[in-house]
**Q** 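Below is the structure I would like to discuss, written out as structure tokens.
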Amino acid sequence: MMRIAIAGGGLGGLTLARVLHRHGIGAVVYEREASRTARSQGGMLDLHPESGQHALAEAGLTAGFRSEARPEGEELRILDPSGHTLVHHTPRPGSFAGRPEIDRRVLRDLLLDSLPGDTVRWQHRLVAAAPRPHGGYQLTFDNGETAGCDILIGADGARSAVRRLLTTAELSPVATLVELTISDADRRHPALAELVGPGNLWCVGVSRILAAQRLGDGSIRVGISLRADQIDSDIDTYRGKHAVLSLFDGWDARLTALIEAGDSAPVPRRIEAMPTGTRWESRPGITLLGDAAHLMPPVGEGANQAMLDGAELAAALAANPADPDTAIRAYEEGMFARIQPIAEMSARVQAMMLSPTAAEDITRFFTRKSAERLSAG
């Protein structure tokens with residue numbers, strides 16, 4: 001049996017492990033976090049039928065997903081800085097035909113619970129991988145442990161240690177994101193809970209967006225998106241609410257109250273992306289998936305494509321277990337062709353959302369989408 005090592009226990013790596021498991025193929029997932037509860041997993045995801053939901057079907061987890069997902073989370077309100085509503089999209093009640101929302105933590109737990117208990121090795125961050133003379137890789141982890149494998153799959157995210165074995169592609173900043181959380185919103189901040197609703201709220205200004213989304217636990221996750229070149233070079237300046245609020249002078253107080261209500265100090269971080277069209281020459285016994293393979297602006301495709309990568313790579317390996325290198329090449333060619341237009345679209349959407357004319361552009365975009373849905377019946 002080939003020994004498969006998956007570096008990274010995010011959604012893509014876990015989907016890969018789960019689909020392999022369904023085909024009777026074992027794998028070990030090496031994850032840097034100390035446990036599944038070691039840190040917050042972020043906000044909600046809208047799972048797309050053709051990618052994220054398809055991957056869950058391949059994993060045999062559709063029923064579990066539907067029991068946890070929230071179709072009402074698709075509701076979207078887009079406002080201008082004065083609080084005027086530009087777009088209000090309301091999904092069909094209880095319908096899973098669109099892109100129902102699910103908390104990242106809940107989705108990750110669904111995948112973890114579907115795997116044998118010894119699949120994930122927690123507190124194992126891969127720091128180095130070296131080819132072995134007769135094939136496979138020798139792995140070194142930050143805790144001093146080592147391991148060997150026949151196939152190494154880098155599902156280790158934006159700062160992938162596996163990526164550098166295949167490509168020298170550099171990351172470039174595309175935005176700055178500042179995040180806060182409002183817990184127990186219905187009780188503590190009912191006006192804000194009503195403003196956000198059950199799904200997403202986008203307040204769109206000139207080259208900046210103040211967004212909020214309702215999570216399944218009743219909290220609200222607030223995010224401020226800015227162009228990469230738009231704020232002070234010292235990103236730590238925006239660890240205080242006063243500095244963040246200064247970015248929204250003149251905005252309606254009902255909107256900036258989302259920042260003031262945050263439970264703790266804002267958390268700023270740079271958002272980066274890989275060059276569109278990044279490819280590498282296929283090599284025996286190693287490949288990448290998800291953000292490690294095609295880090296894109298965060299406009300709704302990253303997790304969906306990572307999960308689809310995992311499902312497709314698992315299917316390729318299961319279909320050709322005697323020749324995994326041919327299976328990897330087939331997966332890579334399919335993935336490169338699939339990702340190219342998606343990465344290009346993601347870059348265009350990111351630029352549109354942070355442009356000086358973002359409110360007009362986004363309103364036009366969603367108005368056109370609504371017309372297309374109506375014409376399709």
Side-chain angles (χ1 to χ4, degrees), residues 4-20 27 29-32 45 47-48 50-52 54-55 58-59 104 108 111 125-129 131 137 139 149 151-174 271-317 324-347 350:
I4 300 175
I6 302 170
L11 299 177
L14 293 175
T15 300
L16 170 62
R18 167 61 182 174
V19 180
L20 286 172
V29 178
Y30 295 101
E31 169 53 42
R32 65 182 179 179
L45 295 170
L47 283 202
H48 304 180
E50 73 282 0
S51 49
H54 174 75
E58 293 298 302
R104 279 181 178 268
R108 192 192 195 203
L111 287 162
R125 181 173 69 88
L126 182 68
V127 294
Y137 286 82
L139 311 179
C149 67
I151 298 173
L152 172 60
I153 298 155
D156 47 345
R159 301 290 177 181
S160 171
V162 182
R163 183 196 297 133
R164 56 178 174 259
L165 298 173
L166 290 170
T167 174
T168 59
E170 296 288 336
L171 306 184
S172 300
V174 295
I271 302 298
E272 298 177 307
M274 291 172 65
T276 301
T278 295
R279 299 171 67 102
W280 56 85
E281 185 176 346
S282 191
R283 291 179 54 183
I286 186 171
T287 192
L288 305 171
L289 64 79
D291 286 349
H294 43 70
L295 181 63
M296 295 179 282
V299 295
E301 287 290 351
N304 280 283
Q305 296 304 317
M307 294 174 69
L308 186 56
D309 287 349
E312 291 189 347
L313 176 55
L317 290 169
D325 294 334
T326 295
I328 287 172
R329 283 195 299 272
Y331 153 74
E332 289 174 340
E333 286 305 309
M335 182 264 291
F336 291 146
R338 166 169 50 85
I339 288 297
Q340 174 87 25
I342 293 172
E344 291 173 352
M345 177 275 295
S346 296
Q350 175 75 19

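Quick caveat: nothing in here was measured; it's all calculated off a predicted structure.
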**Q** Less than 4.5 Å apart, side chain to side chain, heavy atoms only: is that true for Arg279 and Glu333?
**A** yes
**Q** How about Glu50: does its CD atom have over 12 heavy atoms from other parts shown lying under 6.0 Å from it?
**A**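 Yes.
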**Q** Measure across Leu171 and Ala158 and return the closest heavy-atom pair with its distance rounded to 0.1 Å.
**A**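 Shortest heavy-atom separation between Leu171 and Ala158 comes out as CD1-O, 3.5 Å.
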**Q** Looking only at heavy atoms, which two atoms of Leu126 and Ala161 are closest? And how far apart?
**A**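 Result for this residue pair: O-CB, 3.7 Å.
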**Q** Do the non-hydrogen side-chain atoms of Phe336 and Trp280 ever get within less than 4.5 Å of each other?
**A** yes
**Q** Are Arg18 and Thr15 linked by a side-chain donor-acceptor pair shorter than 3.5 Å?
**A**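 Note: Arg18 and Thr15 side chains miss the donor-acceptor criterion.
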**Q** According to the salt bridge (charged side-chain N to carboxylate O under 4.0 Å, His left out) rule, which pairs have a member within residues 286-314, sequence neighbours left out?
**A**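 Output for this query lists Asp309-Arg338, Glu312-Arg338.
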**Q** So, does Asn304 use its side chain to make a donor-acceptor pair with the main chain of His48 at under 3.5 Å?
**A** yes
**Q** Got a second to check how far Ile342's CD1 is from Met335's CE, nearest 0.5 Å?
**A**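 Reported to 0.5 Å precision, the distance equals 11.5 Å.
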**Q** Just wondering, do Asp156 and Tyr30 contact through their side chains at under 4.5 Å, heavy atoms?
**A**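 A side-chain contact under 4.5 Å is absent here.
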**Q** Return the OG1 to CG distance between Thr287 and Leu165, rounded to the nearest 0.5 Å.
**A**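 The OG1 atom of Thr287 sits 11.5 Å away from the CG atom of Leu165.
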**Q** Which is it for Tyr331 and Leu317 under the side chain to side chain contact (heavy atoms under 4.5 Å, CB included) test, yes or no, and what are the steps along the way?
**A** CA-CA 9 Å; Tyr331 153 74; Leu317 290 169; over 6 Å; no
**Q** Which atom names give the shortest non-hydrogen contact between Ala306 and Gly290, and what distance separates them?
**A** CB-CA, 3.6 Å
**Q** Provide the closest heavy-atom pair for Cys149 versus Ala5 in the form atom of the first, atom of the second, distance.
**A**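 Closest pair (atom of Cys149, atom of Ala5, distance): CB-CB, 3.7 Å.
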**Q** For a side-chain contact (heavy atoms from CB on, under 4.5 Å) with Leu14, tell me which candidate from Ile6, Val19, Leu111 qualifies.
**A** Leu111
**Q** Are the side chains of Ile151 and Ile286 in contact, using a 4.5 Å heavy-atom criterion?
**A**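 Not in contact.
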**Q** Walk me through whether Leu45 and Leu11 qualify under side chain to side chain contact (heavy atoms under 4.5 Å, CB included).
**A** CA-CA 11 Å; Leu45 295 170; Leu11 299 177; 3.4 Å; yes
**Q** For the residue pair His294 and Gln305, establish whether any side-chain heavy-atom pair is separated by less than 4.5 Å.
**A** yes
**Q** Can you find a heavy atom in the side chain of Leu288 that is under 4.5 Å from one in the side chain of Ser160?
**A**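 SC-SC contact between Leu288 and Ser160 confirmed.
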**Q** What pair of heavy atoms forms the shortest contact from Ala292 to Gly154, and how long is it?
**A** CB-O, 3.5 Å
**Q** Run the side chain to side chain contact (heavy atoms under 4.5 Å, CB included) check on Met274 and Arg163 step by step: do they pass?
**A** CA-CA 11 Å; Met274 291 172 65; Arg163 183 196 297 133; 3.7 Å; yes
**Q** Could you tell me whether the side chain of Ser282 reaches within less than 4.5 Å of the side chain of Ile328, counting heavy atoms only?
**A**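 In contact.
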**Q** Go through the steps for Met307 and Glu58 under the test side chain to side chain contact (heavy atoms under 4.5 Å, CB included), then give the verdict.
**A** CA-CA 10 Å; Met307 294 174 69; Glu58 293 298 302; over 6 Å; no
**Q** State the CD1-CG distance between Ile4 and Leu20, to the nearest 0.5 angstrom.
**A**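 Rounded to the nearest 0.5 Å, the CD1-CG separation comes out at 5.0 Å.
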**Q** Are Gln340 and Thr276 close enough that a side-chain donor and a side-chain acceptor fall under 3.5 Å?
**A**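 No pair is found: no donor N or O on one side chain lies under 3.5 Å from an acceptor on the other.
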**Q** If you compare all heavy atoms of Leu152 against all heavy atoms of Ala129, which two are closest, and at what distance to 0.1 Å?
**A** CD2-CB, 3.7 Å
**Q** Any non-hydrogen side-chain atom of Arg329 less than 4.5 Å from a side-chain atom of Arg283?
**A**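 Answer no - side chains too far apart.
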**Q** Quick one: does any side-chain atom of Glu31 pair with a main-chain N or O of Gly9 as donor and acceptor, under 3.5 Å?
**A** yes
